[in-house]
Amino acid sequence: MLLVDSEPTQIIMVSYFRPNDFRKSVESILTNTICPFHLSIIDNSHGYLDQELDEMEKDPRVTTYRNQTNIGKGAGINKWYSTIMKNTHLDHVVTIDGDVVVPSQWLLNLKRALSEARKHCLVGLIAPAVINSPEDTWEMQLKQQKLRMHQYREVKEVDYYPGLYCNSYNAGLLFMIDRKFFEKVELYNDGQLYGIEDGTLCKSARKRGLFIGIDSNVVILHSNDDTTKDYNEWKKRNITKDVDQCGHWD
C-alpha cells in the first residue's frame, strides 16, 4: 500500500436544506470512500436537517457543527475550520458541497493525482470532472468546449499523469486543496456567493503560480434532484456574471 493511500483525509462539507441531495451526497461518501477519512459537516440549515444529522453522527467517521443561522459556505468554513483541523497534521484538505455524489475510489484517485502533481510543480488545488447527468461525459464536454463548472479556454492534459488536466478555474463543488496555500489566503472569503468562491480561490492560486487541475479519472455527479422551496430562485439571484445559468465558466 502506498503512503498516499493510508494517510487520512479531512473532508469538510457545508449543508443547507435540500435534504434529498444532502442525504445522497453523504451516503455516497460513506459508501465509496475506501481510504481513511473523517467527514466534518457544517450545517447552515438551523435545525431543518437535525434528524438527518443526528442519524449521520452515529457513524464514528462523521462529526457535525451546527450554526443557528445560514451564514454561507465561506463563512461557515471559516468559522469552524480551526476547530476541525486543530489536531490534524495533514498537508491537504477536501471541501465538498452537499449536492455532490461521488463514485468509488474518488478520494484515492484524487490523492494520487495530487501526490503526482506535487513531484512536478507547486499545487494549489485539484478538482474532479463534473457531470449533471449519467448521460453527460467528460469527453463530450471537451469536444464541445463546454466544460461543466470548469474554465475551458486553457485546459490541457499534463504529460506526467494520464487524465490530469491543467486549468484556470475549477468548480468549488469538490476541491482537494493544499493546506498551506488554503490557510495562507485566509480560506474562503466571507462574502462569497455561488460561483465566486470557486473563482476567488483559483485566482489566488494562479497569482501565486500554483497548479490548478482537473482529475478526469474522478467524475462526480452534481445532483439536481432536490426541489427545496425557493432554492433555485435564490441561486439565480446570486449567480454572478462569471457563471452562466447552467454553471459553465464563460
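- Between Y160 and H120, the ring planes lie parallel to each other; the angle is under 30°, not in the 30° to 60° tilted range.
- Proximity of a side-chain donor or acceptor of Q141 to a complementary backbone N or O of I131 within less than 3.5 Å is not detected.
- Here the CG-CG distance, from L108 to N32, works out to 12.5 Å after rounding to the nearest 0.5 Å.
- Distance check, rounded to the nearest 0.5 Å: CG of D59 to CG of L39 gives 9.0 Å.
- Shown here for S15 and D43, the closest heavy-atom pair between the two residues is OG-OD1, 2.7 Å.
- The two atoms that bring G124 and L210 nearest to each other are N-CB, 3.5 Å, heavy atoms only.
- V218 places none of its side-chain heavy atoms less than 4.5 Å from the side chain of L174.
- V102 pairs with exactly one of I96, L107, I11 by the side chain to side chain contact (heavy atoms under 4.5 Å, CB included) rule, that one being I96.
- Proximity of a side-chain donor or acceptor of E157 to a complementary backbone N or O of G163 within less than 3.5 Å is detected.
- Screening K24, K58, R23 for a salt bridge (Lys or Arg N to Asp or Glu O under 4.0 Å) with E52, the sole residue that qualifies is R23.
- Considering all non-hydrogen atoms of both residues, T88 and R179 come closest at OG1-NH1, 3.1 Å.
- Between T64 and R66, the shortest heavy-atom contact is OG1-NE, 3.3 Å.
- V101 and I34 are members of different hydrophobic clusters when ILVMFWY side chains are connected at heavy-atom separations under 4.5 Å.
- The residues R112 and D215 are annotated as not salt-bridged, no charged nitrogen and carboxylate oxygen being separated by less than 4.0 angstrom.
- Nearest heavy-atom pair, Q10 versus H38, reported as atom, atom and distance to 0.1 Å: OE1-O, 3.1 Å.
- Note that the NZ atom of K111 and the CH2 atom of W106 stand 10.0 Å from one another [nearest 0.5 Å].
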Can you check side chain to side chain contact (heavy atoms under 4.5 Å, CB included) on F181 and L125, steps first, answer last?
CA-CA 9 Å; F181 156 65; L125 49 94; 4.2 Å; yes
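- The hydrophobic clustering, which links ILVMFWY residues whose side-chain heavy atoms are closer than 4.5 Å, places I214 and V219 apart.
- Contact check for D91 versus K180: no side-chain heavy atoms found under the 4.5 Å cut-off.
- In the hydrophobic clustering of ILVMFWY residues, with side-chain heavy atoms under 4.5 Å counting as a link, L221 and L173 come out apart.
- Listed here is the closest heavy atom pair of M56 and V62: O-CB, 3.5 Å.
- Not a single donor-acceptor pair under 3.5 Å links the side chain of H150 to the backbone N or O of S168.
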List the steps, then state whether side chain to side chain contact (heavy atoms under 4.5 Å, CB included) holds for I29 with M13.
CA-CA 11 Å; I29 293 171; M13 172 188 286; 3.7 Å; yes
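- By the 4.5 Å heavy-atom criterion applied to side chains, W138 and R148 are not counted as neighbours.
- No close placement of the F175 and F182 rings is indicated, their centers lying 6.0 Å or farther apart.
- Judged purely by atom type and a 3.5 angstrom limit, S25 has no side-chain atom pairing as donor or acceptor with the backbone of D21.
- Cluster annotation: F37 and L114 are assigned to the same hydrophobic cluster (Ile/Leu/Val/Met/Phe/Trp/Tyr, side-chain heavy-atom contacts under 4.5 Å, transitive).
- Within the 4.5 Å cutoff, no side-chain heavy atoms of L164 are placed close to those of E116.
- Side-chain contact between L90 and P8: present, with at least one pair of heavy atoms (C-beta onward) separated by less than 4.5 Å.
- For L30, the CG atom counts as densely surrounded, since its 6.0 Å shell holds more than 12 non-hydrogen atoms of other residues, nucleotides or ligands.
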Candidate pair I41 and V26, rule side chain to side chain contact (heavy atoms under 4.5 Å, CB included), full reasoning:
CA-CA 9 Å; I41 301 173; V26 173; 4.1 Å; yes
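- Counting only N and O atoms by type, the side chains of R61 and T33 include no donor and acceptor under 3.5 Å apart.
- At least one side-chain heavy atom of L53 sits under 4.5 Å from a side-chain heavy atom of F22.
- The shortest distance between side-chain heavy atoms of I42 and I84 falls below 4.5 Å.
- With hydrogens and angles disregarded, no donor-acceptor distance shorter than 3.5 Å links the side chain of T95 to the backbone of I12.
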Where do L201 and I177 land on the side chain to side chain contact (heavy atoms under 4.5 Å, CB included) test, with the steps shown first?
CA-CA 10 Å; L201 206 57; I177 313 171; 3.9 Å; yes
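- The shortest distance between side-chain heavy atoms of P103 and I220 falls below 4.5 Å.
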